[in-house]
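Okay, so here's the structure we're looking at.
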Amino acid sequence: MTTSDSVRVRFAPSPTGYLHVGGARTALFNWLFARHAGGKLILRIEDTDFERSTSEMVEGIVEGMKWLGLDWDEGPFFQSQRLPMYRARAEKMLESGRAYHCFCTKEELEARRARAQAEGRTPKYEGLCRKLPKEEAERRRTAGEACALRFAVPETGVTVIPDAVFGNVEFANTELEDFVLLRSDGIPTYHLSVVTDDIDMRITHVIRGADHLSNTPKQMLQYQALGAPLPIFAHVPLILGPDKTRLSKRHGATSVMSYREEGIVPEAFRNFLALLGWTPENSAKEILGDKELIAAFSLENISHSNAVFDRSKLDWFNTEYIRAYPSERLLPLIRHEWELAGLKPESNDESKLLSTIDLLKPRARNLKDFAGAFRGYFTDDYQTDPAAIEKFLKDDAVRAMLAEMAEKYAAASEFSEQSTEQVLRDFATEKSVKAGALINGSRVALTGQAVAPSLFAVMVALGKEKTVARLRNAMKLNA
RNA sequence: GGCGCUAUCGUCUAGGGGUUAGGACGUGAGAUUCUCAAUCUUAAAACACGGGUUCGAUUCCCGUUAGCGCUACCA
C-alpha cells in the first residue's frame with residue numbers, strides 16, 4: 001500500500017442551502033487534493049438538521065458540483081440514514097465514562113445562559129448533570145425523562161490541533177463546554193456525526209472551512225475517547241465579500257449556479273476559485289486548467305488569511321476562457337444562452353455558426369454577449385444600439401451612401417474579405433469621403449453595435465444577402 | 001465579553017533579517033485609426049500602529065488596533 005492510494009477526503013455540505021461559493025471552494029480543494037494524491041473523494045450530506053434540510057438542496061449541491069466538473073468516488077451518503085451508527089458511538093462513550101446524560105431542559109439552559117451573559121460571565125454549560133450519580137441518571141432515563149447525551153470534556157489540560165495550514169493551534173480544555181453529542185430526540189449533533197463518519201469512512205484528511213477550527217478540539221477529544229487515529233486537519237480561510245464581511249446573500253450571487261446563469265464558463269469559475277486562498281508554487285501564470293491545478297495543488301500553499309471575492313477578476317478569467325475555448329465547446333453553452341434569450345439562430349449550418357463564434361470570441365467577455373451584443377450575427381431579430389447610431393450614423397449623408405453602396409454589393413459577383421473591402425474603398429474614393437466613415441457606419445448598420453470585429457470579416461460572416469439588406473436599411477436607422 | 005485565527009498596492013498574492021518589495025486583476029495615460037470591450041506600450045498604487053531583539057526589521061518576539069471565526073439539544 002502506498003500513501004497515495006490511501007488518501008481519502010470528503011466534502012460534507014449540509015443541505016440547508018444551495019451550493020454557495022465558499023462550499024464550492026472547499027469542495028474544489030478536496031477534489032484537487034484527492035486527484036493530486038490519486039485518492040478518493042467522498043460526498044457526504046450532513047442532513048441531521050431535519051428542520052432545515054431539503055432534498056432540493058441536495059440536488060442543488062450535486063448540480064453545482066457537476067457544473068464545476070467536480071466528480072466524487074463514493075456517496076452521496078446521507079447522515080439521516082446512518083443514525084444507528086451515531087448512537088452506537090455515543091453508547092461507547094457513555095460506557096467508557098466519557099459521556100453522560102443531561103436532563104436540563106432547553107428552557108433552563110437558555111435561562112442560565114442569559115443570566116451568565118447578564119452577569120458578564122462566559123455562558124457555558126456548568127456540568128450540572130455531570131455530577132449526577134450514574135444510578136440516578138439511569139433511573140430517571142428509564143423512567144422516561146427526556147435527556148441529551150453530553151461529552152465530558154477534561155477539566156484540565158490543553159488540546160492542540162496539528163493543522164496542516166495553520167500549524168499547531170492550542171485550546172485550553174477549560175474553554176470548552178460539555179457539548180451535546182446526542183439530542184434528547186436521539187438525533188446526533190454535528191460534533192458526533194462528523195467524527196463518527198470520518199472514522200467510519202476512514203477519512204485521512206479533513207479539509208474544510210476555517211469556521212470549523214474552533215470546533216476541532218471538540219472533535220479531537222472524541223477521537224481520543226474512542227481511541228481512533230486522528231486525521232490530518234487542514235482549515236481553509238474563508239471567502240469574504242467586497243466589504244470584507246463574510247460572503248452572504250447580501251453580496252448578491254452566492255450560489256454557484258447563479259454564475260452559470262450569469263454567463264460564466266465553469267472552468268473560468270473553477271480557476272478563479274482555486275486561486276482564492278491558494279497559490280501554486282513558483283507559478284507565474286494564473287490561467288490554469290484542471291490538469292495543471294491538480295498537479296500543483298498542495299495544502300502547504302494555502303494562505304492563512306481570508307480572501308475577498310473579486311468579481312472583476314472572475315470576469316477576466318471568463319474572458320480568457322471564452323477566448324481559449326474551441327468554438328465547438330462554446331456552441332452548446334451559447335445555445336443555452338440563446339434559449340434563455342429566446343433567440344433562434346437563422347442558420348442551422350453548424351460550421352457557419354462555429355466560424356461566426358470564432359470571429360466573435362476574441363471580443364466576448366461573457367457567454368451572454370452571444371445572445372446580447374452579438375445578437376445581430378445570428379438573427380435579424382435584434383436592436384440597433386442608439387449610442388452606436390449617435391456615434392457613427394447620425395449623418396444623413398453617410399446613411400444615404402450606405403444605401404447606395406448596398407447596390408454595389410448586390411451587383412458584385414465576388415463576396416470575399418478582399419473584394420468587399422475593395423468595393424468599399426473604391427466607393428469612398430468615388431464619393432470623396434474617408435473609408436473610415438463608411439466602415440464605421442457600416443459596422444453599426446450591419447451589427448447594430450459600435451464595436452465589432454474587422455468589418456469585412458463581419459460582412460463575409462453575415463453573407464452577401466444580409467449585408468445588402470442591412471445596408472439598404474441604413475436610411476431607417478435614426479437616432 | 002471569552003477563546004481562536006489573520007494583517008504586503010483598491011483586490012488576489014510572491015517574497016523575506018540588508019530587495020529599485022515582484023506578478024496578476026482593476027484603474028490612469030499613450031499608441032493603433034476599421035470601431036474597442038481587442039492588441040501593444042506605459043504610469044500610479046502596499047509591508048496596519050507602537051515597542052523590543054539586531055549593526056540592520058516589512059520579515060523574528062511582545063503589545064495595540066482592526067477584520068474574521070467559534071462561543072446552540074445549527075451545521
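In this text, all values refer to a predicted model and were calculated from it rather than measured experimentally. Each chain gets a letter, A, B and so on, in the order the sequences are listed, and its residues count up from 1.
When the nucleotides B/A72, B/C73, B/U11 are ranked by their closest atom to the side chain of A/Val308, B/U11 comes out on top. Across B/U11, B/U13, B/U35, the shortest atom-to-atom separation from the side chain of A/Asn440 is found for B/U35. With B/U35, B/C73, B/C70 as the candidates, the nucleotide lying closest to the side chain of A/Val180 is B/C73. When the nucleotides B/G4, B/A75, B/C74 are ranked by their closest atom to the side chain of A/Leu213, B/G4 comes out on top.
At a threshold of 4.0 angstrom between heavy atoms, the contacts of A/Leu109 include nucleobase atoms, whether or not backbone atoms are also involved. A/Gln117 comes within contact range of no nucleotide atom at all, as no heavy-atom separation falls under 4.0 Å. Using a 4.0 Å heavy-atom distance criterion, A/Pro453 is classed as a base contact. Using a 4.0 Å heavy-atom cutoff across all strands shown, A/His212 reaches at least one base atom of the nucleic acid. At a threshold of 4.0 angstrom between heavy atoms, the contacts of A/Ser305 are confined to the sugar-phosphate backbone, with no base atom among them. Residue contacts shown for A/Ala210 are limited to sugar-phosphate atoms, with no base heavy atom under 4.0 Å away. Within 4.0 Å (heavy atoms only), A/Thr245 reaches sugar-phosphate atoms of the nucleic acid but no base atom. Residue A/Thr48 is classed as a sugar-phosphate contact, given heavy-atom separations below 4.0 Å to backbone atoms only. Across all strands shown, A/Ser454 has heavy atoms under 4.0 Å from base atoms, whether or not it also approaches the sugar-phosphate. Heavy atoms of A/Glu286 sit under 4.0 angstrom from at least one base atom. Within 4.0 Å (heavy atoms only), A/Ser303 reaches sugar-phosphate atoms of the nucleic acid but no base atom. The residue A/Phe179 sits apart from the nucleic acid: no heavy atom pair falls under 4.0 Å.
Within the cation-pi definition used here (under 6.0 Å to the ring centroid, within 45° of the axis), A/Arg25 qualifies as a partner of A/Phe29. In this structure, A/Arg150 is not positioned above the aromatic face of A/Phe179 in the sense of NZ or CZ being under 6.0 Å from the six-membered ring centre and within 45° of the axis.
In this structure the side chain of A/Leu273 reaches within 4.5 angstrom of the side chain of A/Val21, judged on heavy atoms. At least one side-chain heavy atom of A/Leu446 sits less than 4.5 Å from a side-chain heavy atom of A/Thr467.
Heavy-atom nearest nucleotides on RNA chain B were determined for A/Ala146 and for A/Leu238, and the one closer to the 5' end corresponds to A/Leu238. For A/Ala172 and A/Arg52, each mapped to the nucleotide of RNA chain B holding its nearest heavy atom, the one lying further toward the 5' end belongs to A/Ala172.
The shortest distance between the side-chain N/O atoms of A/Arg121 and the OP1/OP2 oxygens of B/G1 is not below 4.0 Å. Contact check, A/Arg113 against B/C73: a side-chain N or O comes under 4.0 Å of OP1 or OP2. Between A/Ser214 and B/U71 there is no side-chain polar atom (N or O) within less than 4.0 angstrom of OP1 or OP2. Checking the phosphate oxygens (OP1, OP2) of B/G23, no side-chain nitrogen or oxygen of A/Lys285 falls inside 4.0 Å. Listed pair A/Thr122 / B/C3 fails the phosphate criterion, with no side-chain N or O lying under 4.0 Å from OP1 or OP2. In terms of phosphate contacts, A/Arg246 brings a side-chain nitrogen or oxygen within less than 4.0 Å of OP1 or OP2 of B/C70. Considering only side-chain N and O atoms, A/His304 lies under 4.0 angstrom from the phosphate OP1 or OP2 of B/U6. Contact between the side-chain N/O atoms of A/Arg183 and the OP1/OP2 oxygens of B/A75 is found at a separation under 4.0 Å. Not one side-chain nitrogen or oxygen of A/Arg311 sits closer than 4.0 Å to the OP1 or OP2 atom of B/U11.
When both pairing distances are held under 3.5 Å, B/U58 makes no Watson-Crick or G-U pair with any nucleotide shown. Pairing for B/G30 goes to B/C40, judged as Watson-Crick or G-U wobble with the two contacts each under 3.5 Å. Of the nucleotides present, B/U11 is the one that pairs with B/A24 by Watson-Crick or G-U wobble criteria, both distances under 3.5 Å. B/A48 is paired with B/U64 under the Watson-Crick or G-U wobble criterion, all donor-acceptor distances under 3.5 Å. When both pairing distances are held under 3.5 Å, B/U53 makes no Watson-Crick or G-U pair with any nucleotide shown. A 3.5 Å limit on both hydrogen-bonding distances identifies B/G2 as the Watson-Crick or G-U partner of B/C70.
With respect to A/Asp178 and A/Arg130, a salt bridge is recorded, a charged nitrogen being found less than 4.0 Å from a carboxylate O. Ion pairing between A/Asp395 and A/Arg399 fails under the 4.0 Å rule for side-chain N and carboxylate O. Taking a cutoff of 4.0 Å between a charged side-chain nitrogen and a carboxylate oxygen, A/Asp47 and A/Arg82 do not qualify as a salt bridge. One finds no salt bridge joining A/Arg87 and A/Glu91 here, because no Lys/Arg side-chain nitrogen approaches an Asp/Glu carboxylate oxygen to under 4.0 Å. Comment: A/Asp197 does not engage A/Arg10 in a salt bridge, judged by the lack of any side-chain N to carboxylate O separation of less than 4.0 angstrom. A salt bridge does not link A/Lys408 with A/Asp426: none of the charged nitrogens is closer than 4.0 Å to a carboxylate oxygen.
Spacing between atom NE2 of A/His191 and atom P of B/A75 amounts to 8 Å, rounded to whole angstrom units. Distance, A/Arg112 CZ to B/C73 P: 11 Å, rounded to whole Å. Atom P of nucleotide B/C5 and atom CD of A/Glu175 are separated by 12 Å, given to the nearest angstrom. Atom pair A/Arg208:CZ and B/G69:P shows a separation of 17 Å (rounding to whole Å applied). The nearest whole Å value for the distance from the CG atom in A/Leu128 to the P atom in B/C73 is 14 Å. In this structure, A/Phe272 places its CZ atom 12 Å from P of B/G26, rounding to the nearest Å. Between A/Leu240 atom CG and B/U6 atom P there is a gap of 15 Å when expressed in whole angstrom units. Between the CG atom of A/Leu288 and the P atom of B/G23 there is a distance of 18 Å, rounded to whole Å.
Evaluation of atom-type donor-acceptor distances gives a pair under 3.5 Å for the side chain of A/Asn215 against the base of B/A75. A/Ser312 contributes no side-chain N or O that forms a donor-acceptor pair with the base of B/C25 under 3.5 Å.
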Checklist outcome for this item: In 5'-to-3' order, the base (B), backbone-only (S) or no-contact (-) status of each nucleotide in nucleotides 36-45 of chain B, using a 4.0 angstrom heavy-atom cut-off, is BBSS------

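Residues that satisfy the side-chain contact (heavy atoms from CB on, under 4.5 Å) test with A/Met220, not counting sequence neighbours, are A/Thr159, A/Ile161, A/Pro162, A/Gln224, A/Leu230, A/Phe233.
The distance between the ring centers of A/Phe166 and A/His235 does not fall below 6.0 angstrom.
Annotation: B/G18 and B/C36 have their C1' atoms spaced 47 Å apart (nearest Å).
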